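A short worksheet on the structure shown next.
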Number of protein chains: 2
Amino acid sequence: MADQIDAMDRKILGELQQDASQSLDEIARKVGSSKTPVWNRIRKMREAGVIGQQTVILDPESLGLEACFFVLVRTNAHEANWQEKFLQVLKRRPEVLEAHRLAGEIDYILKVRVRNAKAYDDFYQALIKEVAIYNVTALLSMEEIKSTTMLPL
Amino acid sequence: MADQIDAMDRKILGELQQDASQSLDEIARKVGSSKTPVWNRIRKMREAGVIGQQTVILDPESLGLEACFFVLVRTNAHEANWQEKFLQVLKRRPEVLEAHRLAGEIDYILKVRVRNAKAYDDFYQALIKEVAIYNVTALLSMEEIKSTTMLPL
DNA sequence: TATGAAAACAAAGTCTC
DNA sequence: GAGACTTTGTTTTCATA
């Protein structure tokens, strides 16, 4: 599917990314097509997994989630078993919004959203209780300059 | 609004986060209410900015965006003017999905999605051409373990 | 034969009471 | 919270190139 995505598909994806609540007619008009072909393209891209979850972006501050940390994790236990357990903890914990395994000195980076510093510490304590970690550096976000889910098309 | 969000609101937000394409009837049934009150709550939360953009999550790989970098930026120019310009560049560049100003030694962290390493270098060269940066560390993601927009409620 | 326009039906959103 | 009205999603049909 990947390379079958043409210019029209990309225009449609752009519209959907920007506002998924728009009607098909509106999208069709904007991309210079009509309802049926646009609908067929969307359906195909959904089936192919190009289009995933439809969601709403919530305001963290309104929900009392006022602290955001980026956590740099170094480990010395590279056994499959350790990694398995570490991954499970990350996936289970809802405050972990992102987790990546990295190339280089730092092994993992996490993005963690919590109420406050105390809540972060609770998370941290729970984490190191479950799995051994060699070194952790927490970077506290002072200001969210930009945050988007919109991929460049 | 922040503290006026009750348990019912949170249930509704949870459903919307998980699948914004669900019908009002379906959400109402799940949270144990009916159409009208649910709709009124959603409308209020939209107006209050608790609920933001409605969007679809696209698969980066399918779109050929196979590289993801976390970029740690240190600067020595803390003048308002410099920051202004730096922020403008970040906001303008679509490959920058996230940008946070940090507390501590590292001044900024960016999350950048691009086609490949070459495309990252293009971004990097363009960035340092526009603003002076003291030190940059790029962390390359090898594996996206978790990536969600769903906030813990 | 494949593609898009258009119509028809079902379902959901929106608003009033 | 029930119901009316309107708009939209979804499917089918039809025309056209």
Side-chain angles (χ1 to χ4, degrees), chain A residues 1-63 147-153, chain B residues 1-64 148-153:
Chain A
M1 178 85 205
D3 38 64
Q4 301 168 33
I5 296 171
D6 64 11
M8 177 60 77
D9 286 327
R10 281 176 195 271
K11 279 205 245 178
I12 294 169
L13 292 175
E15 288 301 325
L16 284 176
Q17 276 197 132
Q18 203 148 29
D19 180 6
S21 73
Q22 303 180 83
S23 74
L24 275 174
D25 283 320
E26 215 168 337
I27 295 170
R29 192 178 49 76
K30 285 186 186 167
V31 303
S33 181
S34 66
K35 219 177 176 182
T36 315
V38 169
W39 191 80
N40 282 323
R41 282 166 182 269
I42 291 174
R43 191 175 43 78
K44 271 181 202 160
M45 290 193 285
R46 259 203 270 261
E47 282 165 10
V50 179
I51 298 175
Q53 197 188 28
Q54 183 163 335
T55 188
V56 292
I57 305 301
L58 303 183
D59 177 40
E61 315 264 318
S62 299
L63 294 161
S147 180
T148 182
T149 58
M150 292 183 53
L151 302 179
L153 306 169
Chain B
M1 178 86 205
D3 37 62
Q4 301 167 34
I5 295 171
D6 64 12
M8 176 61 75
D9 287 327
R10 283 176 193 270
K11 280 204 244 179
I12 294 169
L13 292 175
E15 289 300 325
L16 285 176
Q17 278 197 131
Q18 201 148 31
D19 180 6
S21 73
Q22 301 180 84
S23 74
L24 276 174
D25 282 321
E26 216 167 337
I27 295 170
R29 191 179 48 77
K30 285 185 187 169
V31 303
S33 182
S34 66
K35 218 178 175 182
T36 314
V38 170
W39 191 78
N40 283 324
R41 281 166 182 268
I42 291 174
R43 192 174 44 77
K44 270 180 202 159
M45 289 193 285
R46 260 203 270 262
E47 282 165 10
V50 178
I51 298 174
Q53 198 189 27
Q54 183 164 336
T55 189
V56 291
I57 305 302
L58 304 183
D59 176 40
E61 314 263 318
S62 299
L63 294 160
T148 183
T149 58
M150 293 183 53
L151 302 179
L153 306 168

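Because the structure is a prediction, the values reported are computed rather than measured. Letters A, B, ... mirror the listed sequences (proteins, then strands); counts begin at 1.
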**OP:** For the pair A:Asp19 and B:Thr55, evaluate side-chain contact (heavy atoms from CB on, under 4.5 Å) and give the outcome as yes or no after the intermediate values.
**Re:** CA-CA 5 Å; A:Asp19 180 6; B:Thr55 189; over 6 Å; no

Subject >> Letter per nucleotide, 5' to 3', of nucleotides 6-17 of chain C [B base touched, S only sugar-phosphate touched, - untouched; heavy atoms, 4.0 Å] >> reply: B-----SBBBB-

**OP:** Over all heavy atoms of both residues, which pair between A:Leu153 and A:Gly14 is shortest? Give the atoms and the distance, please.
**Re:**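 Distance-wise, the nearest heavy atoms are CD1-N, 3.3 Å.
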
Subject >> From NZ (A:Lys30) to CD (A:Glu26), nearest 0.5 Å >> reply: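 Reported value, rounded in 0.5 Å steps: 5.0 Å.
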
**OP:** Would you check if the side chain of B:Glu15 reaches a backbone N or O of B:Val31 as a donor-acceptor pair within less than 3.5 Å?
**Re:**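 Not confirmed, B:Glu15 side chain does not pair with B:Val31 backbone.
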
**OP:** For A:Ser147, check side chain to side chain donor-acceptor pair (under 3.5 Å) against everything at least two apart and list the hits.
**Re:**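 Not a single residue meets the side chain to side chain donor-acceptor pair (under 3.5 Å) criterion with A:Ser147.
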
Original post:
Under 4.0 angstrom, heavy atoms only, what part of the nucleic acid is A:Ser33 near: base, sugar-phosphate, or nothing?
Top reply: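 Here A:Ser33 touches no strand at all.
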
Subject >> Whole-Å distance separating the CZ atom of A:Arg41 from the P atom of C:dA2 >> reply: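 A:Arg41 atom CZ is separated from C:dA2 atom P by 16 Å.
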
